[in-house]
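Structure, as structure tokens:
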Amino acid sequence: MVFVSITTISCGKISRKDKVTHPSEQLKQKSRKSESGNNHFLLWSALIISLFANAGYTYVLYNKTKERTESRLQRLRNNVDKLENDFILEKSQQHARETTRNGSSTRYTLIDGDINLIVDRVLECINIDKTHENTYDDVGKNPPQPKTIKKLYAEAANKDNEFFRKVTEYQSEDTIYVLSLIDDNRAEFVICDSAKSTIIGCEDYLRNVCDIIGSGRNIENCEPGIAQKTSDGSWKVIEKANVKFV
């Protein structure tokens, strides 16, 4: 019985010792709590800075939009005032000439028809201003220039493949096809107008380049084909043109 009692007490002591937290473990727990608090602080700081940055950007964008809008409205007001003044001046001069011929003088006043005419002119100016705004939105921007399509001139294709024999930048008496560049490496091609009589006399010029539709002695039209530039600078037909004979 004595042995059993001692064992029980000893077990109880061991149990109480296990419940005690080591100082180093406490330091680790405090460190983890501190790191967690720092992470939350950094996240909230980043969120607040982002909100202020967005608010600043929105404010600047709003001010710029407001300035441009006010500038456009001012231009419209100036146009309206100028049109009205010009209209009144023109009518006054016309009325003065008429009264001078009649020997009397009266002051001219606007009537409903004149007001309607001024309103129509103002609406016309607004539409012109919108078109001008869409075309030249940036101050000092040059108007768009018409795109120039570069053309190349080719002889007939080789007999054994779909490559044009010779492609140059200038038309010659041997020119059969005209290539209009889509980009640096692709082009649409059609039959050159000056070569139609030559092709009618010898349809071999169409071999490997065109699909022939119909029959006859006259070329009605030519739907463009597609040629592609290869790595060695040659032009290969990747989509044949359609030539219709009647």
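Since the structure is predicted, the reported quantities are computational estimates derived from the model, not experimental observations.
In this structure, SG on Cys210 lies 7.0 Å from CD1 on Ile199, to the nearest 0.5 angstrom. Phe245 contributes atom CZ, which lies 6.0 Å from atom CD1 of Ile200 (distance to the nearest 0.5 angstrom). In this structure, Ile182 CD1 and Ile226 CD1 are separated by 4.0 Å, a value rounded to the nearest 0.5 Å.
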Side-chain donor/acceptor pairs under 3.5 Å, residues 229-237, sequence neighbours excluded:
unit_1 : atom_1 : unit_2 : atom_2 : d
Thr230 : OG1    : Asp232 : OD1    : 2.3
Thr230 : OG1    : Ser234 : N      : 3.3
Thr230 : OG1    : Ser234 : O      : 3.2
Asp232 : OD1    : Ser234 : N      : 3.2
Asp232 : OD1    : Ser234 : OG     : 3.3

Atom pairs and distances, side-chain donor-acceptor, residues 174-181, under 3.5 Å, sequence neighbours left out:
unit_1 : atom_1 : unit_2 : atom_2 : d
Thr175 : OG1    : Ser172 : N      : 2.9
Thr175 : OG1    : Ser172 : O      : 3.2
Tyr177 : OH     : Tyr205 : O      : 2.8
Ser180 : OG     : Lys151 : NZ     : 3.0

Anything under 3.5 Å between a donor and an acceptor, one on a side chain of residues 212-225, the other on a protein residue two or more places apart or in another chain? List them.
unit_1 : atom_1 : unit_2 : atom_2 : d
Glu220 : OE1    : Lys244 : NZ     : 3.3
Glu223 : OE1    : Asn242 : ND2    : 3.2

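Partners of Lys64 by side-chain contact (heavy atoms from CB on, under 4.5 Å), not counting sequence neighbours, listed by chain and number: Val60. Residues forming a side-chain hydrogen bond (donor to acceptor under 3.5 Å, both in side chains) with Gln171 (at least two apart in sequence, or on another chain): Ser194. When the side-chain contact (heavy atoms from CB on, under 4.5 Å) test is applied to Ser50, the partners found at least two apart in sequence or on another chain are Asn54. In terms of the side-chain contact (heavy atoms from CB on, under 4.5 Å) criterion, Glu67 has no residue partners (sequence neighbours excluded). For the side-chain contact (heavy atoms from CB on, under 4.5 Å) test, residues two or more places apart in sequence or in another chain that qualify with Asp204 are Cys202, Arg207.
Taking a 4.5 Å side-chain heavy-atom cut-off between Ile, Leu, Val, Met, Phe, Trp and Tyr, the cluster of Ile48 extends to Phe52. Other residues sharing a hydrophobic cluster with Val246 under the 4.5 Å side-chain heavy-atom criterion for ILVMFWY residues do not exist; the residue is a singleton. Apart from Tyr59 itself, the hydrophobic cluster it occupies contains nothing, where clustering links Ile, Leu, Val, Met, Phe, Trp and Tyr at side-chain heavy-atom distances under 4.5 Å.
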- Item | side-chain contact (heavy atoms from CB on, under 4.5 Å) between Glu162 and Val209, worked out | CA-CA 6 Å; Glu162 298 174 345; Val209 179; over 6 Å; no
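In this structure, Tyr153 is not a member of the same hydrophobic cluster as Phe164, with clusters built from ILVMFWY side-chain heavy atoms closer than 4.5 Å.
For residues 183-194, every residue pair satisfying the salt bridge (Lys or Arg N to Asp or Glu O under 4.0 Å) rule, not counting sequence neighbours, is listed here: Asp193-Lys196.
Looking at heavy atoms from C-beta onward, Asn208 lies out of side-chain contact with Phe163 at the 4.5 angstrom threshold.
Annotation for Glu173: atom CD does not count as buried by contact number, only 12 or fewer foreign heavy atoms lying within 6.0 Å.
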